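Some notes on the structure that comes next.
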Amino acid sequence: MNILKNTPSSLESNSGLLVKGVHRRSFLKWAGGTAAATSLILTGCKEDDPVIVAGEVNFGTGDNAVLNYAYALEQLEAAFYQRVIESQFSGITADERSLLTDIRDHEMAHREFFKAALGANAIGGLEVDFSSIDFSKRESVLNAAKTFEDLGVAAYNGAGRFLTSPDLLAIAGKIVSVEARHAAYIRDLISNGTFADSTVIDSNGLEMSKEPSAVLTAAAPFIKTKINAGTLA
Amino acid sequence: MDFLKILNMIEERDPEMSDRLNSRRKALRDFADLGKKLTMAAVPLAVGSMFQKAYGQSTTNVVDVLNYALTLEYLEYRFYEKALASAGLIPAGAPTAAITTIMNHEKAHVDFLKTAITGAGGTPVVEPTFDFSGGQGSGTGPFATAFTNYQLFLAVAQSLEDTGVRAYKGQAPNLVQQNAVLTAALNIHSVEARHAAHIRMMRKANGASVKPWITGNDSGIDNVVVQPIYNGEENTTQAGVDVKTLGGFSANAVTEAFDEPLTKEQVLAVATLFIAS
């Protein structure tokens with residue numbers, strides 16, 4: 001089914017859903033701005049059907065979709081740590097300031113790498129929403145950081161299998177372990193010894209990776225831009 | 001998880017596997033069904049048997065990768081086991097709790113890999129006899145006092161964890177078409193990285209000049225024996241782009257932001273120090 005054949009009015013007549021009908025591939029439309037009303041809407045879509053909806057970013061197809069997914073998460077993390085360093089929480093120690101600045105720089109390097117690697121296929125800049133985070137409070141900042149870092153690790157681990165290029169898989173592997181180092185550090189700052197506790201590691205000693213749809217749902221409250229996850233649904 | 005959708009994607013992206021698609025399709029369906037029924041304890045067996053069904057004769061390379069991982073996990077597990085059994089080595093409280101957590105993960109990895117290898121129709125490697133002094137069986141290697149000297153113990157632990165991270169990373173591209181095994185390997189890989197970060201912070205708390213992440217090729221350990229574990233981490237070029245140039249980043253930041261892989265040969269050169277037979 002070619003979604004482009006659907007007129008805008010027919011899209012609207014489906015209460016905002018894209019199209020009816022179930023096909024081989026599911027297609028994820030995710031609207032992040034209105035979290036309460038937003039939901040994950042699964043409809044049919046062929047992998048090569050471009051779907052363009054005004055005001056949303058589209059991850060695209062194939063390995064580019066995976067890279068855009070990573071790029072989106074790195075944008076979120078980088079923007080967060082830039083705020084953390086701009087408006088440092090009360091009682092921050094010199095050591096924390098130094099290592100949180102390191103993390104900021106790592107996330108910015110990841111973000112810029114993906115942007116460069118994607119070139120013309122890169123999604124635009126995401127509009128973030130950190131209104132639920134009190135940047136003046138240590139607990140609020142560190143809990144948000146923990147959410148982002150654990151989510152980043154689970155996302156990379158869960159998305160590795162979507163990559164077809166061994167070279168890109170190698171680079172994703174280079175990044176995910178750094179995110180795991182961040183996650184462990186942040187967790188230990190909150191409560192020493194929780195660097196790899198049973199909320200993130202299963203009884204086989206394996207990290208509990210997450211599907212893209214679960215990751216994007218968890219990230220939704222922090223992103224205003226609507227995301228079309230393309231083939232990663 | 002929508003395994004059938006993934007299968008469809010695999011079909012399109014891996015035309016060479018058409019001759020084994022039918023068995024793989026069935027295996028994936030079996031796996032999807034199994035996933036609903038199995039307890040966590042049965043997952044590694046399911047991964048292994050799914051793989052064996054899908055790939056038949058071509059499992060050798062994957063069994064090799066899994067046995068390589070198993071050898072490293074045995075090394076880590078027995079190292080921590082011996083350390084925890086060494087009276088007076090690890091302070092009570094948070095340090096003992098953390099090392100116990102890590103040992104338990106390594107033990108779980110050993111069990112997971114053994115089950116997955118068996119499930120894939122392979123034979124798990126026999127556990128080596130280790131020489132934790134790093135003396136290849138002499139017992140008098142550079143780390144001979146690692147079970148009486150806490151600082152040295154932590155330095156060896158850091159070396160083993162950072163090696164583990166680099167070793168799994170080096171194998172990921174070999175698993176690019178073997179999604180279940182790849183995902184399991186990735187899910188172990190990040191746990192090793194969490195361990196590494198914590199051990200590094202334990203060292204930092206004891207006065208070592210290290211961070212949770214690796215800066216340049218600096219081991220932070222005053223012993224040249226461990227340097228091969230860190231060589232190559234100074235790389236700043238990814239996919240042909242010097243990441244420093246993308247935003248005026250320092251070399252330190254860029255090297256910290258990307259952990260580098262080690263080849264199997266590089267890892268075995270290190271691991272061999274600890275293997276007596």
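Everything numeric in this text was worked out from a predicted model, so none of it was measured. Just so it is clear: chains get the letters A, B, ... in the order the sequence lines come, proteins before strands, and each one is counted from 1.
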Next on the checklist: So, taking the atom named OH in A:Y156 and the one named CG in B:L186, what distance separates them when rounded to the nearest 0.5 Å?
Outcome noted: 12.5 Å
Checklist entry - Using non-hydrogen atoms only, which part of B:A94 is less than 4.5 Å away from chain A: side chain, backbone, both, or neither? => result side chain
Item to check | Engaged part of B:T101 at the chain A interface, taking heavy atoms whose separation is under 4.5 Å | outcome: side chain
Checklist entry - Which heavy-atom pair separates A:V178 from B:E256 by the least distance, and what is that distance? => result CG2-O, 3.3 Å
Checklist entry - Does the pair B:H105 and A:N204 meet the rule for a side chain to side chain contact (heavy atoms under 4.5 Å, CB included), with working shown? => result CA-CA 7 Å; B:H105 288 157; A:N204 285 316; over 6 Å; no
Next on the checklist: If you take the centroid of each ring, where Trp contributes its six-membered ring, are A:H110 and B:F258 closer together than 6.0 Å?
Outcome noted: yes
Checklist outcome for this item: Max heavy-atom pairs within cutoff under 4.5 Å with chain B, candidates A:G193, A:A184, A:A116, goes to A:A184
Checklist entry - For the candidates A:A196, A:A172, A:S98, A:A183, which exhibits the highest count of non-hydrogen atom pairs separated by less than 4.5 Å from chain B? => result A:A196
Checklist entry - Minimum heavy-atom separation for A:T164 to B:V176, with atom names? => result O-CG2, 3.7 Å
Checklist entry - Should we say atom NZ of A:K115 is surrounded by more than 12 heavy atoms from elsewhere, each under 6.0 Å from it? => result no
Checklist outcome for this item: Pair count under 4.5 Å, heavy atoms only, with chain A: among B:A197, B:S250, B:G247, highest is B:A197
Next on the checklist: Can you confirm whether B:D259 sits close enough to A:V176 that some side-chain heavy atom of one is under 4.5 Å from a side-chain heavy atom of the other?
Outcome noted: no
Checklist entry - Between A:G158, A:A117, A:S209, which shows the greatest number of heavy-atom pairs under 4.5 Å with chain B? => result A:S209
Checklist entry - Side chain, backbone, both or neither: which part of A:D95 has an atom under 4.5 Å from a heavy atom of chain B? => result side chain
Item to check | Heavy-atom closest contact (B:A172 atom, A:L169 atom, distance) | outcome: O-CD2, 3.3 Å
Checklist outcome for this item: Value for CZ (A:F195) from CE (B:M202), rounded to nearest 0.5 Å, stands at 8.0 Å
Checklist outcome for this item: Bottom line for B:D242: the part with an atom under 4.5 Å from chain A's heavy atoms is neither
Next on the checklist: I need the A:D202 CG to B:N187 CG distance, nearest 0.5 Å.
Outcome noted: 7.5 Å
Item to check | Heavy-atom closest contact (B:P212 atom, A:R181 atom, distance) | outcome: O-NH1, 3.0 Å
Checklist entry - So what's closer than 4.5 Å to chain B heavy atoms on A:L99: side chain, backbone, both or neither? => result both
Next on the checklist: Within a 6.0 Å radius of atom NZ on A:K210, are there more than 12 heavy atoms belonging to other residues, nucleotides or ligands?
Outcome noted: no
Checklist entry - Is the A:Y185 ring parallel, tilted or perpendicular to the B:W213 ring (thresholds 30°, 60°)? => result perpendicular
Next on the checklist: Using side-chain heavy atoms (C-beta onward) and a distance below 4.5 Å, is B:H198 in contact with A:D188?
Outcome noted: yes
Checklist entry - Which atoms of A:S165 come close to chain B, meaning under 4.5 Å heavy atom to heavy atom: side chain ones, backbone ones, both, or neither? => result backbone
Checklist entry - If only atom types and distance count, is the side chain of B:H109 paired as donor or acceptor with the main-chain N or O of A:G205 below 3.5 Å? => result yes
Checklist entry - Given that the side chain runs from C-beta out, which part of B:V191 has a heavy atom under 4.5 Å from chain A: side chain, backbone, both or neither? => result both
Next on the checklist: So for B:R166, is it side chain, backbone, both, or neither that comes closer than 4.5 Å to the heavy atoms of chain A?
Outcome noted: neither
Checklist entry - chain B heavy atoms under 4.5 Å from A:N157: which part of the residue, side chain, backbone, both or neither? => result both
Item to check | Portion of A:R187 that has a non-hydrogen atom of chain B nearer than 4.5 angstrom | outcome: side chain
Item to check | Option that, when pairs with chain B are counted at under 4.5 Å, heavy atom only, ranks first among A:T194, A:I201, A:D105, A:T101 | outcome: A:I201
Checklist entry - Counting only heavy atoms not in B:K211, do more than 12 sit closer than 6.0 Å to its NZ atom? => result yes
Checklist outcome for this item: Shortest non-hydrogen pair, B:V165 vs A:S177, comes out as CG1-CB, 3.7 Å
Checklist outcome for this item: Here the pair of heavy atoms bringing A:A109 nearest to B:A257 is CB-CB, 4.2 Å
Checklist outcome for this item: Interface check, chain A: of B:K244, B:M201, B:K107, most non-hydrogen pairs under 4.5 Å belong to B:M201
